[in-house]
Amino acid sequence: MMLTAVRIGGIAALTLLLSACVSTVLEVDGKATQPIPAAVTAEMSRKSMSPSAPILVRIFKQESELEIWKRDRSGRFALLKTYPMCRWSGKLGPKKQNGDRQAPEGFYHVSAGMLNPNSQYYLSFNLGYPNKLEAALGYTGEALMVHGACSSSGCFALTDEGVAEIYAVAREALKGGQGSFQVQAFPFRMTPQNMAKNRNDPNFTFWSDLKQGYDIFEVSRRQPKVSYCEGRYVFDKEFGGGEPRDVLAPCPPALNAPDALVAARTQSDRVAMEELLTAGTVLSAHAYADGGMHPSFRRLLERSGQSALAKRTSLSSVPVSRPDAAIADPHSPDE
């Protein structure tokens with residue numbers, strides 16, 4: 001009986017390892033306690049930020065970029081640094097089930113316990129997928145990470161060097177008193193041009209909901225408050241009786257009116273999108289073979305091959321996941 005239980009446990013562990021970007025216990029070598037690099041702390045100082053100030057993370061699949069924002073002395077978030085992502089998998093759109101290779105899209109909150117110093121991919125932090133909304137919608141999957149190397153099966157891979165910086169910045173913000181930091185994961189920068197390109201995508205309604213949170217941050221440079229009702233995200237709403245208990249039930253009446261500046265931004269973007277569609281100048285939406293890669297890494301992959309890229313992005317030369325699909329990624333920053 002005990003042998004059977006051990007065998008079942010081993011199979012379950014192997015299944016988890018193969019189905020997601022999971023973590024395994026490696027020997028602790030101090031990488032998780034390394035200080036924030038001097039160049040990054042100098043940039044913080046230049047921008048009136050302290051190492052212990054709160055952070056916010058934004059991820060853009062199409063552009064293959066991750067941004068670290070940090071609260072400055074004005075009390076607003078300012079951009080600290082943008083990191084090129086080496087690899088993400090799947091296509092544009094939310095993750096819905098285990099094994100679909102989709103990297104998540106949505107709003108997540110990462111606490112200190114979700115930082116993993118013993119990751120298989122150098123260092124990592126768990127996004128907390130599925131969140132409350134995704135769980136209510138029946139979405140499945142686990143161990144969806146931001147981590148090092150250049151390999152993804154539903155995760156966001158930043159290179160060992162990149163994730164080391166991000167991990168240190170996040171660790172110090174959480175040590176400084178931030179209970180959790182918000183991660184906003186988007187399919188693309190939510191400009192009128194990108195919204196117009198993807199107007200016919202089945203995920204357009206979902207992306208329009210995400211854009212509400214995107215617009216709040218773009219206008220105010222503050223973290224939007226996230227709620228869930230009617231099976232969707234709702235931002236910056238105060239409800240009588242507290243937060244909605246049933247994620248799928250109709251939203252209760254809100255006590256506060258929408259922010260006028262945010263509403264104006266949303267409306268102007270909507271008008272701009274409609275004008276682009278009417279003019280017929282919108283380019284077609286991107287189609288992904290399996291995820292994307294920042295152009296800087298794609299050029300290295302094309303020029304030097306996958307072994308060279310693996311050595312460049314991982315101290316242990318973790319193989320690049322599906323390199324042929326990465327090269328086929330059609331996105332160019334000039335578009």
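Worth saying up front: this structure is predicted, and the values here are computed from it rather than measured.
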Quick one: are Pro104 and Pro94 in side-chain contact, heavy atoms under 4.5 Å?
no
Is the closest side-chain donor-acceptor distance between Gln184 and Tyr108 under 3.5 Å?
no
What do the steps show when you test Met85 against Lys61 for side-chain contact (heavy atoms from CB on, under 4.5 Å), and what is the final call?
CA-CA 9 Å; Met85 284 196 295; Lys61 283 183 176 178; 5.5 Å; no
Count I, L, V, M, F, W, Y as connected when their side-chain heavy atoms are under 4.5 Å apart, and connections chain through other members. Are Met190 and Trp88 then in the same cluster?
yes
Are the aromatic rings of Phe181 and Phe125 close, with centres under 6.0 Å apart?
yes
Following the transitive rule for hydrophobic clusters with a side-chain heavy-atom cut-off under 4.5 Å over Ile, Leu, Val, Met, Phe, Trp and Tyr, establish whether Phe77 and Leu66 coincide in one cluster.
no
Got more than 12 heavy atoms from elsewhere within 6.0 Å of CG, Asn200?
no
Quick one: does Met273's side chain get under 4.5 Å of Leu276's, heavy atoms only?
no
Tell me whether the guanidinium CZ or amine NZ of Arg199 lies under 6.0 angstrom from the six-membered ring centre of Phe204 and within 45° of its axis.
yes
How close do Ser124 and His147 get, counting heavy atoms only, and between which atoms?
CB-CB, 3.5 Å
Closest heavy-atom pair, Thr82 versus Leu79, reported as atoms and distance to 0.1 Å, is OG1-CD2, 3.7 Å
Between the CG atom in Leu80 and the CD atom in Glu165, the distance rounded to the nearest 0.5 Å is 9.0 Å
List the atom of Ala196, the atom of Leu277, and the distance in Å for their closest heavy-atom pair.
O-CD2, 3.8 Å
Aromatic ring pairing Phe297/His294, orientation class (parallel under 30°, perpendicular over 60°, tilted between):
perpendicular
Any salt bridge linking Glu243 with Lys225? Criterion: basic side-chain nitrogen under 4.0 Å from a carboxylate oxygen.
yes
Verify salt bridge (charged side-chain N to carboxylate O under 4.0 Å, His left out) between Lys81 and Glu67, making sure each step is shown before the conclusion.
CA-CA 6 Å; Lys81 188 171 180 178; Glu67 296 175 343; over 6 Å; no
Would you check if there is a donor-acceptor pair between the side chains of Ser180 and Ser111 at a distance under 3.5 Å?
no
Separation between CD of Glu238 and CG of Asn256, rounded to the nearest 0.5 Å:
5.5 Å
Calculate, to the nearest 0.5 Å, the distance between atoms OG and NZ belonging to Ser74 and Lys47 respectively.
13.0 Å
Could you check whether any side-chain heavy atom of Lys95 comes within less than 4.5 Å of a side-chain heavy atom of Glu105, counting everything from C-beta outward?
no
Locate the shortest heavy-atom distance separating Cys86 from Thr313; write the atom from each residue and the value.
SG-CG2, 3.8 Å
Do Glu230 side-chain atoms and Cys251 backbone N/O form a donor-acceptor pair below 3.5 Å?
yes
Applying salt bridge (charged side-chain N to carboxylate O under 4.0 Å, His left out), run through Glu65 and Arg189 and close with a yes or a no.
CA-CA 10 Å; Glu65 291 182 340; Arg189 296 189 182 278; 2.8 Å; yes
Arg222 versus Asp236: any side-chain heavy-atom pair under 4.5 Å?
yes
Greater than 12 external heavy atoms within 6.0 Å of Arg73's CZ
no
Which atoms form the tightest heavy-atom contact between Pro187 and Leu210, and what is the distance?
CD-CD1, 4.3 Å
Are any side-chain N or O atoms of Asp100 and backbone N or O atoms of Gln97, one a donor and one an acceptor, separated by less than 3.5 Å?
yes
Side chains of Tyr228 and Glu134: is there a donor and an acceptor less than 3.5 Å apart?
no
Between Phe60 and Phe186, how do the two ring planes meet: parallel, tilted or perpendicular, split at 30° and 60°?
parallel
Counting only heavy atoms not in Lys311 (residues, nucleotides, ligands), do more than 12 fall under 6.0 Å from its NZ?
no
Donor-acceptor pair, distance only, cut-off 3.5 Å: does the side chain of Ser220 make one with the backbone of Ile216?
yes
Is Val57 linked to Tyr129 within one hydrophobic cluster, defined over Ile, Leu, Val, Met, Phe, Trp and Tyr using a side-chain heavy-atom separation of less than 4.5 Å?
yes
Any donor-acceptor pair under 3.5 Å linking the side-chain atoms of Thr140 with those of Asn98?
no
Could you measure the distance from the CG atom of Leu261 to the CG atom of Asp259? Nearest 0.5 Å is fine.
5.0 Å
Heavy-atom side-chain contact between Pro253 and Phe239 under 4.5 Å
no
Is Val110 close to Asn126 at the side-chain level, that is, under 4.5 Å between some pair of heavy atoms?
no
Any link between Ile59 and Leu123 through a network of hydrophobic side chains (Ile, Leu, Val, Met, Phe, Trp, Tyr) touching at under 4.5 Å?
yes
Side-chain donor-acceptor pair present, Asn131, Tyr233, cut-off under 3.5 Å:
yes
Nearest heavy atoms of Gly90 and Asp290, plus distance in Å:
N-OD1, 2.7 Å
Does CD in Glu161 sit with more than 12 non-hydrogen atoms of other residues, nucleotides or ligands closer than 6.0 Å?
no
How far apart are the C-alpha atoms of Ser89 and Ser152, what are their side-chain angles, what is the distance that settles it, and do they pass the side-chain hydrogen bond (donor to acceptor under 3.5 Å, both in side chains) test?
CA-CA 6 Å; Ser89 60; Ser152 171; 3.1 Å; yes
Please assess Met195 against Ser208 for the test side-chain contact (heavy atoms from CB on, under 4.5 Å), listing each intermediate value before the final yes or no.
CA-CA 8 Å; Met195 295 299 286; Ser208 296; 3.9 Å; yes
Supply the atom-to-atom distance Arg46 CZ to Thr41 OG1, rounded to the nearest 0.5 angstrom.
13.0 Å
Gap between atom NZ of Lys91 and atom CG of Asp201 - 0.5 Å precision:
11.5 Å
For the residue pair Phe188 and Glu63, establish whether any side-chain heavy-atom pair is separated by less than 4.5 Å.
yes
Would Val169 and Met44 satisfy side-chain contact (heavy atoms from CB on, under 4.5 Å), going step by step from the backbone distance to the final call?
CA-CA 10 Å; Val169 171; Met44 289 181 189; 4.0 Å; yes
side-chain contact (heavy atoms from CB on, under 4.5 Å), that's the test. Do Glu172 and Ser52 meet it? Break it down for me.
CA-CA 5 Å; Glu172 294 307 306; Ser52 61; 5.9 Å; no
Following the transitive rule for hydrophobic clusters with a side-chain heavy-atom cut-off under 4.5 Å over Ile, Leu, Val, Met, Phe, Trp and Tyr, establish whether Val183 and Phe107 coincide in one cluster.
yes
If you count the non-hydrogen atoms of other residues, nucleotides and ligands that lie under 6.0 Å from NZ in Lys237, is the total more than 12?
yes
Does the pair Glu302/Arg298 count as a salt bridge with the N-to-O cut at 4.0 Å?
no
Pair Lys211, Asp269 - check salt bridge (charged side-chain N to carboxylate O under 4.0 Å, His left out), show working.
CA-CA 10 Å; Lys211 190 177 185 302; Asp269 278 4; 2.8 Å; yes
Report the relative orientation of the aromatic rings in Trp69 and Phe217; use parallel for angles under 30°, tilted for 30 to 60°, perpendicular for over 60°.
perpendicular
So Cys155 and Arg87, do their side chains get closer than 4.5 Å, heavy atoms only?
no
Indicate yes or no: does Arg312 engage Asp160 in a salt bridge with an N to O separation below 4.0 Å.
no
Between the side chain of Arg171 and the main-chain N/O of Ala32, is any donor-acceptor distance below 3.5 Å?
yes
